[in-house]
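Because the structure is predicted, anything quoted here is derived from the model rather than measured. Only this structure's heavy atoms are used, side chains among them; waters, hydrogens and symmetry mates stay out. Counting starts at 1 for both ligands and their atoms, following the listed order.
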Amino acid sequence: MTSAPLTAQVPALVARTVEIPDPGPLLSTLPSEAPLVWVRRGEGLAGWGEAARFDVKGSARFTEADKWWRNLTRTAVIRDEVQLPGTGPVAFGSFTFDDGPTSSSLVLPETVVGHREGRWWVTTVSVNGDLPPWPSLPSVAPIKRPGPVTFADGSRSGAEWGRIVADAVSRINAGELEKVVLARELIAETPRQLDLRWPLRRLSDRYPRCWTFSVDGVLGATPELLVRRERGLVTSRVLAGTIRRTRDDVHDLALAASLARSSKDLEEHEFAVRSVADALAPFCSSMNIPETPFVLHLPNVMHLATDLAGVTSGQASSLLMAGALHPSAAVGGTPTKKAQEMIRELEALDRGRYAAPVGWIDSSGDGEWGIALRCAQVDSSERTRLRLFAGCGIVAGSDPTAELAESVAKLVPMRDALST
Ligand SMILES: C=C(O[C@H]1C=CC=C(C(=O)O)[C@@H]1O)C(=O)O
């Protein structure tokens, strides 16, 4: 079901991108209202304003959103003096994990500031056929602190969650399925309306190897890139298999070595790589899949990681690829259908947009889509209540106590980002 007919009159999109001098950190250019963000190591996109949006529910959400974007950009007039991926009009998107009651959205910002390869630009758009305003950066209000934040259990306490993990392990050992990813929720309350720039700045400063994102009230820093399509090349960073860090670098190195040898984690990782490679295969004429994963070090956890790369064989956009890849075994399980049923049965949680594609797409279909992991969903009106999510891959050898501790470690980035 779509909330807007695809055949509705298509607005006349005009976009203009101009090069600008270094404006400082991208996140410092953002006004406080509804920031749209995709940033890693200082590069990426920061947008605001809403020139057009598309909200959609149901199993065809990715294809319908892709159709809407193609319709909108097909007849667009684009003046782009920078010509890099992410220049010209871009839409930011955030999708739901399943076909439940929450909508997925694509948002076309009025203004986007971008930075890549030593260049900076501003794009402005209009959807009424007029030339958009001359790109300029507004002066922005200082970032407000959230004040003391409280945290409480969401749909289940930690102990209850440990019990459903134990249940999943016995069912995996009984042969019902091979892997399931179970998530838990934490509720954060802020005493005053949250200025989203506060957690975003902290996430991007502390987790520079992650993609910091904010789209339509979902924000976080994800280490997992579901798919990037850029000028005929497709890449994907697959993660699965995790170990907590201890703050002792020497000990962490030993842990990293044990992670790289752990048969439980290597097996979990293999499921995730296989699911991504299988889903990408129809879009690629060739693909490179490294034989062994590397260990990705983040401040709170370490992951087994594999970077896949392929050459595209058709016209499918980055968004269609993201839809085909979702849900990968890193967020669903193996086999996918069985895992989704078990998630619904055991979690007692509407995942909303957690563990689903978040990212951006440009008018050529190129773009980057991460998986919204370790993120928060802000209630839209008051902005004083957030649902925080984190999940863990459960396989035959999983220990519920260790998984609970892992989920706590995965919640740290968002918790810390909200604290004053
Ligand atoms: C589902 C999450 O992590 C996934 C991604 C990387 C490693 C994972 C793991 O080792 O369990 C999870 O599959 C999450 O952080 O919410």
- If a pair satisfies side chain to side chain donor-acceptor pair (under 3.5 Å) and one of its residues is in residues 178-194, list it, with sequence neighbours excluded. Arg184-Ser407, Glu185-Arg387
- Task: Sequence neighbours left out, what passes salt bridge (charged side-chain N to carboxylate O under 4.0 Å, His left out) with Glu347? Give chain and number order.
- Result: Arg351
- Identified side chain to side chain donor-acceptor pair (under 3.5 Å) partner of His269 from the options Thr306, Thr292, Thr242: Thr306
- Query: Who are the residue neighbours of ligand 1 when the rule is a heavy atom under 4.0 Å from any of its atoms?
  - Reply: Val181, Glu224, Leu239, Ala240, Gly241, Thr242, Glu268, His303, Ala330, Tyr354, Leu373, Arg374, Ala390, Gly391, Cys392, Gly393, Glu406, Lys410
- Lys67 and Glu64 ion-paired at < 4.0 Å: no
- Item | Set of salt bridge (charged side-chain N to carboxylate O under 4.0 Å, His left out) partners for Asp249, sequence neighbours left out | Arg245
- Query: Judged by atom type as modelled, is there a donor-acceptor pair below 3.5 Å linking the side chain of Trp161 to the main-chain atoms of Ser155?
  - Reply: no
